[in-house]
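These notes are about the structure you will find just below.
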Amino acid sequence: MTSFQYMCGTQIDFGVGAIERLPEQLQAAGFGRKLMVVTDPGLMEAGIAKQVIHHLNLHGYTITLFHQVQPNPRDTDCLAGAKQFQSRWCDGVLAVGGGSAMDTAKTIALIARHGGTPSAYADGERAYGETAPIACVPTTAGTGSEVTRSAVITEDATHRKVTLKHEWLRPNLAILDPALTRTVPPHVTAATGVDALVHAIEGYTCKKTQPISQAFGARAMGLIVRALPTAYRNPADIDARRDMLLGSLLAGLCFGSADVAAVHCLAEALGGLYDTPHGLANAVFLLPVLRYNAQAHIDLHAEVARLTGFATDDDTPTQAIDKLLSGMQAWLHELDIPPLSSLPRVSRDDSDKMVELAVANNSTPSNVREIDAAGYRAILDETFAVNAI
């Protein structure tokens, strides 16, 4: 590697109690006083979003609430949010939630300023422009969207997932408070945590990686593999929650200026067809894609084995990969990740459509090993054949 680029203009405030500094951080970052808070019904019911809104109200902010966020955010909801943003003359958006809330907020901030549809930007039919200011308060340790330049949106009419990607979409401000993640249900903690690990592994190994991304990914892998089982078993463990949120952040900084790869291509196909939660979709494909890629890139995946802690420097590359695959299988089992065949509505009869969507994904060329329809078909066949992780 003779040259590379890395960019991240997000102001990051991390730590227990960071949410208390949100009003002053918004002011310092130049946000206006009229904000749209983008969140989901679950966080409203849990009271987390309401607490954030109340805190902002006490500091003189006028809030417009948009809580139509779905697990796989829809283009129609983004368009409705952009219309509401304009009608209320909002100055900026604040996402409170997981990746779906943050991706929705990014898309609203773009369309409210420049019009169009998510697909028009993703397909290159419309030029990106400066968005309304974006701030993110993640409540899950998974997507890293609070520091990335992308948003994944589902077309409601076709179920196609489209990826918007541009530096204008990178949030201005990210407030990461591990205490906000303690109420996340265990199964969501597990799935979103595996998603974060996939970000670190794919960002580290993909064809678009570079030394800065790999440095972030290397640290993220070790943190996530060690901390996630504890956060899953003991949701109140603040040390595990802190390490998971930090791992998710670092993984976002890893892939956010590199790319994801085949795991995400298959996961997004699954999510588009069946509305499978994104983290869970990544979790079921992680092991078979690792096996596929490691066959062709032994030394690179031996590095991954050592960074995750499944292997040591004393292991040969082949031994390291064997330990990576067996260790990852046991780790996923510990997190109770279900097999693909057990997921709601998922049918092997739709394999052709899943392969078609995965091949068409714009991250397929980034996969470290060349992959085509036959490769995706082989991975799907293997994944469907597994009755239990």
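Scope of the values below: all heavy atoms of this structure, side chains included, with no hydrogens, waters or symmetry mates. In this text, all values refer to a predicted model and were calculated from it rather than measured experimentally.
- Proximity of a side-chain donor or acceptor of His301 to a complementary backbone N or O of His297 within less than 3.5 Å is detected.
- Note on Tyr61 and Phe66: separate hydrophobic clusters, where clusters join Ile, Leu, Val, Met, Phe, Trp and Tyr whose side-chain heavy atoms are under 4.5 Å apart, directly or indirectly.
- Of the possible polar contacts, one joining the Asp75 side chain to the Asp156 backbone as a donor-acceptor pair under 3.5 Å is found.
- Hydrophobic clustering of Ile, Leu, Val, Met, Phe, Trp and Tyr side chains at less than 4.5 Å, counting indirect connections, unites Leu332 with Ile201.
- Atom CD of Glu125 has more than 12 neighbouring heavy atoms from other residues, nucleotides or ligands inside a 6.0 Å radius.
- Transitive grouping of hydrophobic side chains (ILVMFWY, heavy atoms separated by less than 4.5 Å) keeps Ile63 and Phe85 in distinct clusters.
- Smallest separation of non-hydrogen atoms from Val152 and Thr163: CG2-OG1, 3.9 Å.
- With respect to the salt-bridge test (charged N to carboxylate O, under 4.0 angstrom), the residues Arg226 and Asp243 do not qualify.
- Val260 shares a hydrophobic cluster with Phe255; the chain of contacts runs through ILVMFWY side chains whose heavy atoms sit under 4.5 Å apart.
- By the 30° and 60° cut-offs, the orientation of the rings of His278 relative to His264 is tilted.
- Across all non-hydrogen atoms, the minimal contact from Ile379 to Pro288 is CG2-CB, 4.0 Å.
- Under a cut-off of 6.0 angstrom, the local environment of NZ in Lys207 is crowded, with over 12 non-hydrogen atoms contributed by other residues, nucleotides or ligands.
- For the pair Lys106 (side chain) and Ser145 (backbone), a donor-acceptor distance under 3.5 Å is present.
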Apply the test side chain to side chain contact (heavy atoms under 4.5 Å, CB included) to residues Val52 and Thr39: give CA-CA distance (whole Å), side-chain angles for both, the deciding distance (0.1 Å), then the verdict.
CA-CA 11 Å; Val52 173; Thr39 190; over 6 Å; no
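- Thr64 and Gln84 share no donor-acceptor pair across their side chains, judged by distance under 3.5 Å alone.
- Cluster membership for Leu286 and Leu307, using ILVMFWY side-chain heavy atoms within less than 4.5 angstrom, is shared.
- Remark: Glu45 CD is loosely packed, at most 12 non-hydrogen atoms of other residues, nucleotides or ligands lying under 6.0 Å away.
- More than 12 heavy atoms of other shown residues, nucleotides or ligands fall within 6.0 angstrom of atom CZ in Arg291.
- With respect to Asp275 and Arg74, a salt bridge is recorded, a charged nitrogen being found less than 4.0 Å from a carboxylate O.
- Although no hydrogens or angles enter the test, the distance criterion places no donor-acceptor pair under 3.5 Å between the side chain of Asp350 and the main chain of Lys353.
- Asp13 contributes atom CG, which lies 7.5 Å from atom CG of Leu173 (distance to the nearest 0.5 angstrom).
- Side chains of Gln5 and Ser257 form no contact here, defined as non-hydrogen atoms less than 4.5 Å apart.
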Decide side chain to side chain contact (heavy atoms under 4.5 Å, CB included) for Glu268 and Ser363; before the verdict, give the C-alpha distance in whole Å, the side-chain angles of both, and the deciding distance to 0.1 Å.
CA-CA 11 Å; Glu268 289 174 11; Ser363 290; over 6 Å; no
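- Residues Trp331 and Ile224 share a closest heavy-atom pair of CZ2-O, 3.9 Å.
- Of all heavy-atom pairs spanning Ala190 and Leu228, the tightest one is O-CD2, 3.8 Å.
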For Thr62 and Arg88: C-alpha separation, side-chain torsions, deciding distance, then whether side chain to side chain donor-acceptor pair (under 3.5 Å) applies.
CA-CA 10 Å; Thr62 300; Arg88 301 293 180 86; over 6 Å; no
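- For Ser213 and Lys208, the side-chain atoms include no donor-acceptor pair closer than 3.5 Å.
- Remark: side-chain polar atoms of Thr209 are not paired, donor with acceptor, to backbone N or O of Cys206 under 3.5 angstrom.
- Although no hydrogens or angles enter the test, the distance criterion places no donor-acceptor pair under 3.5 Å between the side chain of His67 and the main chain of Val37.
- In this structure, His54 places its NE2 atom where only 12 or fewer heavy-atom neighbours from other residues, nucleotides or ligands lie under 6.0 Å away.
- Under the 3.5 Å distance criterion, with hydrogens and angles disregarded, no donor-acceptor pair is assigned to the side chains of Asn367 and Tyr292.
- Counting only distance, with no hydrogens or angles, the side chain of Asp91 and the backbone of Arg33 share a donor-acceptor pair below 3.5 Å.
- Using bins of under 30°, 30° to 60° and over 60° for the plane-to-plane angle, the ring pair Tyr128/His166 lands in the parallel bin.
- Residues passing the ring-ring contact (aromatic ring centres under 6.0 Å, His included) test with Tyr204: none are found, sequence neighbours excluded.
- Scanning all heavy atoms of the two residues, the minimum distance from Leu65 to Ile53 falls at CD1-CD1, 3.8 Å.
- A salt bridge is defined here as a Lys NZ or Arg NE, NH1 or NH2 lying under 4.0 Å from an Asp or Glu carboxylate O, and Arg170 with Glu167 meets this definition.
- Of all non-hydrogen atoms in Ala240 and Thr230, the two that sit nearest each other are CB-CG2, 3.8 Å.
- Cluster annotation: Phe14 and Ile19 are assigned to distinct hydrophobic clusters (Ile/Leu/Val/Met/Phe/Trp/Tyr, side-chain heavy-atom contacts under 4.5 Å, transitive).
- Salt-bridge check for Arg160 with Glu356: failed, with every basic side-chain N at 4.0 Å or more from each acidic carboxylate O.
- Scored by the side-chain contact (heavy atoms from CB on, under 4.5 Å) test, Thr131 finds Ala109, Leu110, Ile134, Trp168, Leu169 as partners (sequence neighbours excluded).
- Here Asp259 pairs with Lys165 in a salt bridge; the nearest charged N to carboxylate O distance falls below 4.0 Å.
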